[in-house]
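Quick notes on the structure that follows.
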Amino acid sequence: MANKIYYLASCDTCRKIIKSLPKGIELEFHDIRQDKITIEELEKMRELAGSYEALFSKRAQLYKERGLKNQKLTEDDYKALILEHYTFLSRPVFIIRDEIFIGNSQPNILKLMKTLKNV
């Protein structure tokens, strides 16, 4: 599997992270707004992440608007929501050599950068 990033082109944080990536890294870019995530891609992410919940963004506007924090969501719910709307995927998601990096937290990005230096 090629090294890949799932991101949102309109997201300032995603663009900033992409700009800071080491030069010469071969990455396949997947803009999740332009090109929906497939069930197969999401299942591969879940396999690497351990759960759909780990891939789910509870900071998404729709999460708040729909009152989802007041509901008991199952793994099937998380999967369906991510497939329904790109905003529910915590981003960016990097898959580097079958290792997954989810979201933009500083520790996650530092770990990603360290991994990318060894690619």
Side-chain angles (χ1 to χ4, degrees):
M1 177 184 229
N3 293 333
K4 194 165 189 174
I5 175 179
Y6 295 87
Y7 73 106
L8 198 51
S10 60
C11 170
D12 290 338
T13 303
C14 289
R15 287 198 306 258
K16 190 175 121 190
I17 291 167
I18 289 167
K19 225 180 242 184
S20 71
L21 294 174
K23 301 293 177 241
I25 297 296
E26 284 193 36
L27 270 180
E28 186 180 322
F29 288 81
H30 184 129
D31 182 347
I32 59 176
R33 178 183 285 161
Q34 301 299 321
D35 188 16
K36 281 190 164 204
I37 297 167
T38 65
I39 290 173
E40 294 78 18
E41 288 171 318
L42 186 58
E43 287 174 352
K44 173 69 174 171
M45 287 185 219
R46 188 209 46 84
E47 186 182 306
L48 294 171
S51 70
Y52 292 112
E53 184 177 9
L55 296 160
F56 190 83
S57 174
K58 292 182 178 167
R59 293 170 32 195
Q61 201 73 41
L62 284 177
Y63 182 74
K64 295 175 184 94
E65 287 174 13
R66 293 184 184 180
L68 296 174
K69 72 176 181 181
N70 302 322
Q71 297 178 29
K72 178 88 174 101
L73 298 176
T74 65
E75 277 292 288
D76 287 340
D77 293 331
Y78 289 121
K79 177 182 181 181
L81 287 164
I82 293 169
L83 289 170
E84 174 195 325
H85 202 280
Y86 64 84
T87 195
F88 288 119
L89 182 69
S90 189
R91 57 192 182 273
V93 173
F94 285 86
I95 297 178
I96 310 294
R97 289 189 181 153
D98 283 335
E99 189 174 353
I100 194 164
F101 301 87
I102 306 162
N104 59 25
S105 71
Q106 191 171 11
N108 186 51
I109 297 303
L110 290 172
K111 187 176 174 205
L112 167 71
M113 294 301 180
K114 189 174 181 182
T115 299
L116 286 174
K117 286 180 182 168
N118 298 318
V119 170

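- Residues meeting the side-chain contact (heavy atoms from CB on, under 4.5 Å) test with E47, sequence neighbours left out: K44.
- The side-chain contact (heavy atoms from CB on, under 4.5 Å) check on Q106 picks up L110, with sequence neighbours excluded.
- Put simply, CG on L55 and CD1 on I102 are 4.5 Å apart, with the number rounded to the nearest 0.5 Å.
- Using a 4.5 Å cut-off on side-chain heavy atoms (C-beta onward), E26 and N3 make no contact.
- Partners of D35 according to the side-chain contact (heavy atoms from CB on, under 4.5 Å) rule, which considers only residues two or more places apart in sequence or in another chain, are H30.
- Partners of E53 by salt bridge (Lys or Arg N to Asp or Glu O under 4.0 Å), not counting sequence neighbours, listed by chain and number: K58.
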Per-pair distances, 0.1 Å, donor-acceptor, side chain in residues 79-89, under 3.5 Å, sequence neighbours excluded:
from: K79; atom 1: NZ; to: E43; atom 2: OE2; distance (Å): 3.2
from: E84; atom 1: OE1; to: R66; atom 2: NH1; distance (Å): 3.4
from: E84; atom 1: OE2; to: R66; atom 2: NH1; distance (Å): 3.0
from: E84; atom 1: OE2; to: R66; atom 2: NH2; distance (Å): 2.4
from: H85; atom 1: ND1; to: T87; atom 2: N; distance (Å): 3.2
from: Y86; atom 1: OH; to: R33; atom 2: NE; distance (Å): 2.8
from: Y86; atom 1: OH; to: R33; atom 2: NH2; distance (Å): 2.9

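- Rounded to the nearest 0.5 angstrom, N108 CG and S90 OG are separated by 8.5 Å.
- Each salt bridge (charged side-chain N to carboxylate O under 4.0 Å, His left out) pair with one or both residues in residues 5-16, not counting sequence neighbours, appears once here: D12-R15.
- Every residue two or more places apart in sequence or in another chain was checked for a ring-ring contact (aromatic ring centres under 6.0 Å, His included) with F101, and none qualifies.
- Scored by the side chain to side chain donor-acceptor pair (under 3.5 Å) test, S51 finds no partners at all (sequence neighbours excluded).
- A 4.5 Å side-chain heavy-atom check between Y63 and K69 finds at least one atom pair inside the cut-off.
- With rounding to the nearest 0.5 angstrom, the CD1 atom of I18 is 8.5 Å from the SG atom of C11.
- For the side chain to side chain donor-acceptor pair (under 3.5 Å) test, residues two or more places apart in sequence or in another chain that qualify with D77 are T74.
- The salt bridge (Lys or Arg N to Asp or Glu O under 4.0 Å) check on K111 picks up E99, with sequence neighbours excluded.
- Residues that satisfy the side-chain contact (heavy atoms from CB on, under 4.5 Å) test with P22, not counting sequence neighbours, are I25, M113, L116.
- D76 is linked by a salt bridge (Lys or Arg N to Asp or Glu O under 4.0 Å) to nothing, counting only residues two or more places apart in sequence or in another chain.
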